[in-house]
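Here's the structure we're looking at; comments come further down.
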Amino acid sequence: MYALVDCNSFYASCERVFNPQLEGLPVVVLSNNDGCVVARSAEAKTVGIQMGVPIFKIKELVKRHDVRVFSSNYTLYGDLSQRVMNILKRYSPDVEVYSIDEAFVGMKGMAHLEELGKSMKEAVMREVGIPICVGIGKTKTLAKIANRLAKKHKGFGGVCLIDDEIKRQKALELTSVEDVWGIGRKHAKRLSLLSVRTASDFTHLPAQWVKKHMSIVGLRMQRELQGYSCISLDLVRERKKSICVSRSFGKDIHTLDELKEALMTHVMQCGIKIREEKACASALQVFASTNRFRHDRPQYSGQLTANLLVPSDSSLELAKCAANLLQRIFKEGYGYKKIGVVAYGIIPKNEVTGNLFDAVDRDKHESLMRGLDMINAKFGKSCVQLASQGFGKKAWSLRQEHLSPCYSTSWKDMLVIKADA
DNA sequence: TCTGGGGTCCTAGGACCC
DNA sequence: TCTGGGGTCCTAGGACCC
């Protein structure tokens with residue numbers, strides 16, 4: 001049996017933990033650049049705010065209902081997430097952290113599953129202050145479905161267990177096919193043309209049809225819904241296959257110099273991620289694009305990939321390569337909205353093969369990067385930078401107008417509790 | 001004026017090899 | 001004049017997830 005633990009309105013709930021006045025009020029959290037709504041408290045859902053809607057489109061709604069708006073604060077959410085996961089690990093050695101706000105917990109051989117679920121819920125609320133729901137089923141996909149029901153129907157008290165045939169049937173009938181884990185917009189549309197409306201309908205489709213139109217991924221989903229486990233717990237995190245850092249700009253950027261400053265900043269971040277993985281990248285891709293929503297302006301999107309002579313984790317080398325790629329994709333006369341870098345061919349550092357014609361002093365780079373990481377870890381990631389990242393005010397920087405403090409990870413942001421004299 | 005970011009997996013088709 | 005078959009690897013694109 002598997003339990004799926006999912007935090008309710010996670011980002012919005014995080015904001016509430018250190019700011020209890022938000023309790024009972026509609027709260028939303030925005031994507032990077034204060035673009036779209038990516039998390040909503042229950043109250044925000046009730047007043048009709050849709051997931052993913054750009055904030056500028058709901059100005060009126062926000063004003064009318066006094067909705068509290070926050071920029072996303074991943075430092076805060078990441079820290080609270082870890083605390084939640086640590087609690088779950090007390091219940092089972094098998095915890096797969098699936099995303100920042102979700103984890104699968106292996107419950108093999110355990111009894112009193114519903115009570116265990118309730119206990120998890122209470123512990124997380126008591127110790128971190130985050131509300132969660134728990135769904136339990138024979139397969140991961142059924143656990144997902146159970147979780148959805150637990151969220152949707154108050155009667156479950158936040159914990160839903162599917163442990164027999166009757167409950168499974170009932171749960172599948174109550175779930176629309178587009179709400180099944182792994183069925184996205186495209187497949188949902190195709191299925192609706194066949195009058196497949198619920199998860200239960202989907203399980204009755206001929207397997208050949210599913211295989212043909214939805215590949216073996218679809219077949220696997222079907223089997224999982226029928227109660228045959230096909231997706232096992234992923235307990236050791238696999239090595240990443242690609243590492244990407246990209247951002248939209250607060251406003252359009254026209255010059256190569258400014259684009260380069262932004263790109264160099266992303267490359268530096270990418271380098272840090274690569275070194276955290278104790279890995280090297282074999283190839284680097286740079287991409288840049290204009291604002292795809294502005295149909296009234298000329299559109300352009302360029303991308304180019306280059307192999308490195310020797311796989312590397314040195315920000316300096318990556319930066320040099322990226323700068324070169326940018327020069328080649330840059331076209332004058334466009335307003336750029338986004339730029340990014342992707343590292344491919346990620347291999348463990350100790351498996352890197354050298355090259356006879358390699359002219360780089362790798363030991364030197366290595367100690368330089370070690371020093372740089374140490375300083376930046378201690379004094380903030382912008383303490384030591386590349387000159388090419390630019391100085392002074394950055395026209396391209398993110399918009400973050402509603403950022404909350406990092407209550408749990410920064411000394412200066414810690415709450416001060418005043419006792420009444 | 002203002003529309004996110006970071007991933008994974010699968011398939012088809014082309015290049016290439018013997 | 002006649003021009004195979006089997007296999008691997010790589011890439012681009014699609015679909016999906018949170």
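Between Asp252(A) and Arg297(A) there is a salt bridge, since a side-chain N of the basic residue sits under 4.0 Å from a carboxylate O of the acidic one. Residues Lys167(A) and Glu114(A) are not paired through a salt bridge, judged by the lack of any N-O separation under 4.0 Å between the basic side chain and the carboxylate.
Within a 6.0 Å radius of NZ in Lys121(A), more than 12 heavy atoms belonging to other residues, nucleotides or ligands are found. For CD of Glu60(A), the number of neighbouring non-hydrogen atoms (other residues, nucleotides, ligands) closer than 6.0 Å is 12 at most.
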Taking Watson-Crick and G-U wobble contacts under 3.5 angstrom, with | marking pairs to another strand and [ ] crossing pairs, the secondary structure of DNA chain B is written ....||||||||||||||
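The side chain to side chain donor-acceptor pair (under 3.5 Å) test with Ser404(A) singles out one residue from Asn19(A), Thr75(A), Asn73(A), and that residue is Asn73(A). Asp313(A) pairs with exactly one of Arg275(A), Lys349(A), Lys273(A), Arg370(A) by the salt bridge (charged side-chain N to carboxylate O under 4.0 Å, His left out) rule, that one being Lys349(A).
Nucleic acid contact class of Ser242(A) (heavy atoms, under 4.0 Å, all strands): sugar-phosphate only. No contact: Lys251(A) has no heavy atom under 4.0 Å from any strand. Looking at heavy-atom distances under 4.0 Å, Lys189(A) makes no contact with the nucleic acid at all.
We find the OG1-CG distance between Thr409(A) and Asp79(A) to be 6.0 Å, quoted to the nearest 0.5 Å.
Between Ile216(A) and Lys337(A), the one whose closest nucleotide on DNA chain B sits nearer the 5' end is Lys337(A).
Identified under the side-chain hydrogen bond (donor to acceptor under 3.5 Å, both in side chains) test for residues 21-38 of chain A, with sequence neighbours left out: Asp34(A)-Ser71(A).
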Its contact letters, B for base, S for sugar-phosphate only and - for none at protein heavy atoms under 4.0 Å, make nucleotides 8-18 of chain C read -------SSSS
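The side chain of Phe56(A) sits closest to dT3(B) out of dT1(B), dG5(B), dT3(B). Distances were taken from every side-chain heavy atom of Arg292(A) (C-beta onward) to each of dG4(B), dC2(B), dG7(B); the shortest belongs to dG4(B).
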